[in-house]
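Reminder, nothing fancy here: chain letters follow the sequence lines and each chain counts from 1. None of these values were measured; they are calculated from a predicted model.
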Amino acid sequence: MADRHLDDAALQALEAKDARAIAHFREHLALPCPECEAFLAGAPARLWWLEAEADRLLHIHGAISTLAPDATGFHAVRRAMRARRMRRALAASLAAAAVAAGLFITVILPRAGGPSSGREWTGVKGPEAAQAGPLELSAAVVAADGAVRPIGPGGGARPGETLVLRYRTDGAGTAFLVKSGPGGPVALGEFALSAGTHDLADSGGVAGVSLEGEQGELRFFLVQSSERLTAAGAVELVRNPAAGRAVRVAGFSIHVVPGEN
Amino acid sequence: MEPTAALLERAKRGDDEAYRALYGVYRPAVLRLARSFARLDADEVEDVIQETFVRAFRALKGLQQTAAFERWLLAIARNRALTLDARKEQARRSTEALFEEVPHQVPAIPPALVLERESAVVRELVEEISEGPEKETVRLFYVEGALSAREIAERMGVGKSAITMRLERFRAKVKRELLRRVLAIQME
């Protein structure tokens, strides 16, 4: 017992209130112990209460200095809460909205759980490559019943579902969303981007792409250029990434598998 | 200042001012927690804060033990930060894990821990560390609290993951001490 360190078995004994184990570890943990601390750093899931309590001690009662007050953050939280209430209310109508194959719809969608990230293809071309920051796409899928699930690059979706894209960038600007499927690339719309991580949205709310009637691999590209782009220009940049213009492109692909609705 | 319990009751009824007050009280703690993840940039730290409060406020009606609000909120924040951090590493996480953001149950907390409200505990544990970069990292982040882990990495000229590891090692010391105190109470 003298050399016993924390491990799963020891934790089980402590949870069972084994008197010998409790007596041992009460003394043992009074001094620094690299083995036990390594185990605790690994944070067994069932010890989350200890994690939370450590955070409470460290972050609520621990630090002395005060950080700069936040003037705008609560407004963002309030906006997000209101938007989500609207999204929940409208989620049930998604199936009816996503009717036309390939039709780009602007709908308000839930994003519970958040989309999973992907960097399937993030490209920077042209003379501004050195200055360009990240442009990344991630996605979530909304089922016909409004349920949301994250989808990774190359992940599977069904024709009755709707894809919601999320981008991350370090600067404001505009970008075209281009969809590339068996019929070739087609521009779906132009969007204003702002720095940070945001759902792709326009004035109507979060943008969703109906997958109704789709099949096989679909690739989505967010195309941003320092020069004024047209929809045709964005499509051309997707067709020919080596066009030589100062452009940033983020890509995300999915596979639409029919017959599973 | 209105007690947290009263604010929570009002917030559960949808009182916007209560939400605002809770946000004001607890944002600094969530901010500190998020800033301990050195791989997260400033935008992502703000994402963690926003998502944490949105998720917490949305789930507030289901929180039975209002006394557990602080640790419940911080557990949400840690889950959120870990998820973003894992994404940055492009680690593969299951779909289920991505949705596991809000703990549905708050386990009973040993009464001894509820009494832990003193920064003295943190200071004593900091003193326990030998002089060197590790102690300096912990002092800068947990005692002074003005710099993020990312900023500390830049100031000390070391990698972000090294700072994260130093802070996690210190958190493990805190957990060791808290666990010891629980066991001491159980022996009484």
Side-chain angles (χ1 to χ4, degrees), chain A residues 6 14 17 19 22-23 25-26 28-30 32-33 36-43 46-67 69-70 73-74 76-78 80-81 84 112-119 138 149-150 152 168 170 195-197, chain B residues 16 19-20 23-24 26-33 43-44 46-47 49-51 53-54 57-58 70-72 74-75 77-78 83 87 90 95 98-99 101 103 107 109 113 116-119 121-122 128 142-146 168-169 171-180 183-184 186-187:
Chain A
L6 280 176
L14 292 173
K17 301 195 185 307
I22 291 173
F25 282 106
R26 184 191 62 174
H28 182 79
L29 297 176
C33 171
C36 292
E37 288 170 13
F39 176 78
L40 290 171
R46 64 183 188 270
L47 283 181
W48 79 263
W49 60 269
L50 191 59
E51 294 285 320
E53 192 59 30
D55 281 331
R56 197 167 74 110
L57 188 64
L58 287 166
H59 299 298
I60 292 183
H61 305 293
I64 295 168
S65 72
T66 55
L67 296 163
D70 172 62
F74 178 70
V77 169
R78 185 163 49 188
M81 289 176 69
R84 286 174 189 218
S116 62
S117 73
R119 296 185 183 181
S138 54
R149 70 176 189 280
R168 177 173 173 260
D170 61 350
T197 305
Chain B
D16 201 51
Y19 284 135
R20 182 197 297 273
Y23 180 85
Y26 291 105
R27 181 184 185 276
V30 175
L31 172 61
R32 287 191 195 101
L33 188 154
D43 287 335
E44 289 159 336
E46 288 301 322
D47 282 349
I49 295 169
Q50 180 180 331
E51 289 285 325
F53 280 99
V54 170
F57 289 162
R58 285 179 62 202
E70 288 178 352
R71 64 182 69 87
W72 180 72
L74 293 172
R78 177 159 292 277
T83 300
R87 284 179 189 164
Q90 295 187 310
T95 299
L98 285 172
F99 280 102
E101 298 288 354
I109 301 297
L113 290 185
E116 289 295 350
R117 292 181 177 275
E118 298 172 345
S119 60
V121 175
V122 177
E128 202 177 80
Y142 285 123
V143 179
E144 294 191 0
E168 281 303 309
R169 278 199 291 267
R171 282 186 78 255
K173 286 183 180 296
V174 172
K175 286 185 274 187
R176 170 177 59 79
E177 174 61 15
L178 291 172
L179 187 55
R180 183 192 70 78
L183 298 177
Q186 288 181 351
M187 287 293 287

* To do: Mind checking the NZ-CZ spacing from B/Lys175 to A/Phe39? Nearest 0.5 Å is all I need.
  => 10.0 Å
* To do: To the nearest 0.5 Å, tell me how far B/Arg176 CZ sits from A/Cys36 SG.
  => 8.5 Å
* **Test item: B/Arg169 side-chain N/O and A/Glu37 main-chain N/O as donor-acceptor pair under 3.5 Å** => no
* Taking the side chain from B/Arg71 and the backbone from A/Glu53, do they hold a donor-acceptor pair closer than 3.5 Å? -> no
* To do: Let me know which of A/Leu40, A/Leu50, A/Leu57 forms a side chain to side chain contact (heavy atoms under 4.5 Å, CB included) with B/Val174.
  => A/Leu57
* Structure fact -> From the list A/His28, A/Arg26, A/Lys17, side chain to side chain contact (heavy atoms under 4.5 Å, CB included) with B/Leu183 holds only for A/Arg26
* Structure fact -> Counting heavy-atom pairs under 4.5 Å with chain A, the top scorer among B/Val30, B/Ile49, B/Leu74 is B/Leu74
* Asked: Side chain, backbone, both or neither: which part of B/Arg78 has a heavy atom under 4.5 Å from chain A?
  -> side chain
* Under a 4.5 Å heavy-atom cutoff, which of A/Ala54, A/Ala52, A/Pro32 has the most pairs with chain B? -> A/Pro32
* Could you tell me whether A/Asp55 and B/Arg32 have a side-chain N and a carboxylate O separated by less than 4.0 Å? => no
* Nearest non-hydrogen partners of A/Ala30 and B/Arg180, listed with the distance -> CA-CD, 3.2 Å
* **Smallest separation among heavy atoms of B/Arg171 and A/Leu58, with atom names** => CG-CD1, 3.5 Å
